[in-house]
Amino acid sequence: KNESTMLATFSALGNNIIGLLAGSLITPLVLNFGWKTSSVILGGAACVLILISGLLNKEMESMEEGRQRASVPMSEQLPATLKNKYFWLLLLLGAFSLIMNANAIGAQIFYCNMVLKNPMFMSVLMTAGQLPGILILFLMPAISKKWNKKTFLLMGAVLIIAGFAITGLAGENTTMIVVGTVIRSLGVGPILSAVFALVPDVVEFGIRSEGLISSAQSIESKIGIGVGSALTGWILAAVGYNPVAEPTQAVINAVKFDYTWMGVILGIIILIIVLLLDVEKICRSI
């Protein structure tokens with residue numbers, strides 16, 4: 001339990017730190033170089049970091065060397081995995097968490113431009129939306145010794161809902177917006193950490209299939225980031241947003257909804273999934 005939580009914490013820390021750096025840089029990059037050049041710069045940096053990880057990491061031999069575990073054929077693994085409800089719950093939890101996070105980041109620049117009329121405030125919100133989550137992640141290994149992962153998830157979901165709601169009620173009060181964003185960030189940290197840490201528990205439920213169960217993380221990240229990034233565009237398109245025209249009141253209202261109350265809705269969905277996710281308790285009883 002402690003080992004999986006520690007590994008998940010470092011993974012979440014890396015994601016949040018890079019997200020904070022990219023989010024802080026995106027506004028000045030776009031204002032100075034445009035979206036295309038900014039995408040090339042950030043994409044190139046991402047390629048370099050991925051290459052470094054791939055070249056420096058080496059697969060370790062199993063600690064149980066000499067002990068062979070019976071191989072389960074794919075014809076048995078795949079049906080068992082598809083029947084494993086916790087595989088689907090983990091996939092949905094990760095997907096909706098990333099949809100919520102990606103949509104908030106996507107809507108943020110429109111919110112700063114149209115509602116607050118201050119594009120540079122994006123850097124303040126990115127810091128408020130990432131830094132508290134990074135700080136709380138340092139406490140996760142110690143906290144995990146006292147509370148289980150479901151407790152992390154429940155606390156995270158409640159904080160996400162509360163944070164978005166406060167932002168929705170803030171209007172143009174920037175202090176209240178920052179407070180809501182900080183609270184939301186404190187919820188996102190435990191969510192992203194516990195999602196990764198739950199993979200070993202789901203693997204233990206039913207037929208062991210580490211590869212297929214772990215694929216849920218890859219699937220959820222692609223669905224979550226893809227849908228979350230597109231969601232803002234879909235909402236704006238639905239109200240007739242025109243990037244070269246002055247935004248209408250309908251567009252401004254849509255941006256406000258997308259950045260705040262859409263997060264509340266997604267947070268409630270995450271909370272419902274967490275309430276159904278009792279795999280850790282079941283694994284302890286097996």
Side-chain angles (χ1 to χ4, degrees), residues 1 3-5 7-16 19 72 74-106 133 137 140 144 148-161 164 184 187-232 234 262-284 286:
K1 173 187 172 181
E3 185 177 279
S4 63
T5 302
L7 290 172
T9 298
F10 277 108
S11 175
L13 271 171
N15 288 333
N16 277 273
V72 179
M74 182 60 68
S75 59
E76 294 182 26
Q77 287 189 41
L78 184 57
T81 300
L82 295 179
K83 292 177 183 177
N84 185 344
K85 70 174 184 178
Y86 296 113
F87 167 80
W88 294 107
L89 287 172
L90 184 65
L91 190 154
L92 288 172
L93 178 62
F96 275 104
S97 298
L98 290 170
I99 288 171
M100 175 272 302
N101 209 38
N103 179 65
I105 293 172
L137 283 172
M140 292 295 288
S144 68
N148 59 33
K149 296 161 195 159
K150 186 171 183 177
T151 302
F152 295 162
L153 291 166
L154 286 171
M155 290 190 301
V158 170
L159 288 172
I160 286 170
I161 294 169
F164 276 115
R184 183 190 85 207
V188 172
I191 286 279
L192 296 181
S193 178
V195 165
F196 284 99
L198 275 169
V199 172
D201 294 324
V202 177
V203 168
E204 293 293 335
F205 183 80
I207 294 178
R208 290 182 62 91
S209 181
E210 291 90 340
L212 288 174
I213 299 296
S214 297
S215 71
Q217 292 180 324
S218 177
I219 297 169
E220 72 196 23
S221 65
K222 290 174 175 60
I223 294 173
I225 295 174
V227 174
S229 300
L231 187 55
T232 298
W234 293 337
M262 177 59 76
V264 172
I265 293 170
L266 293 172
I268 291 171
I269 294 173
I270 291 169
L271 179 61
I272 293 171
I273 296 172
V274 171
L275 291 172
L276 297 172
L277 197 59
D278 56 353
V279 63
E280 193 177 8
K281 178 181 177 181
I282 291 176
C283 286
R284 285 199 301 266
I286 295 177

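None of these values were measured; they are calculated from a predicted model. The analysis underlying the following values was restricted to heavy atoms, covering all of them including side chains, and did not include hydrogens, waters or symmetry mates.
- The distance from the CE atom of M262 to the CG atom of N103 is 6.5 Å, given to the nearest 0.5 Å.
- Here the shortest heavy-atom pairing between F164 and A104 reads CZ-CB, 4.0 Å.
- For the side chain to side chain contact (heavy atoms under 4.5 Å, CB included) test, residues two or more places apart in sequence or in another chain that qualify with L92 are F96, I273.
- In this structure, CG on L93 lies 9.5 Å from CG on L98, to the nearest 0.5 angstrom.
- Going from atom CD1 of I99 over to atom CG of L266 covers 7.0 Å, rounded to the nearest 0.5 Å.
- Among all heavy-atom pairs drawn from I223 and A95, the shortest one is CG2-CB, 4.3 Å.
- Between M100 atom CE and I265 atom CD1 the span is 13.5 Å, to the nearest 0.5 Å.
- Residues passing the side chain to side chain contact (heavy atoms under 4.5 Å, CB included) test with I105, sequence neighbours excluded: N101, M126, Q130.
- Of all heavy-atom pairs spanning A102 and G224, the tightest one is CB-O, 4.2 Å.
- To the nearest 0.5 angstrom, L90 atom CG is 13.5 Å from K85 atom NZ.
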Review point. Under the side chain to side chain contact (heavy atoms under 4.5 Å, CB included) criterion, do S97 and V188 qualify, and how do the steps go?
Key: CA-CA 8 Å; S97 298; V188 172; over 6 Å; no
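- Between the CG atom of L154 and the CG atom of L271 there is a distance of 6.5 Å, given to the nearest 0.5 Å.
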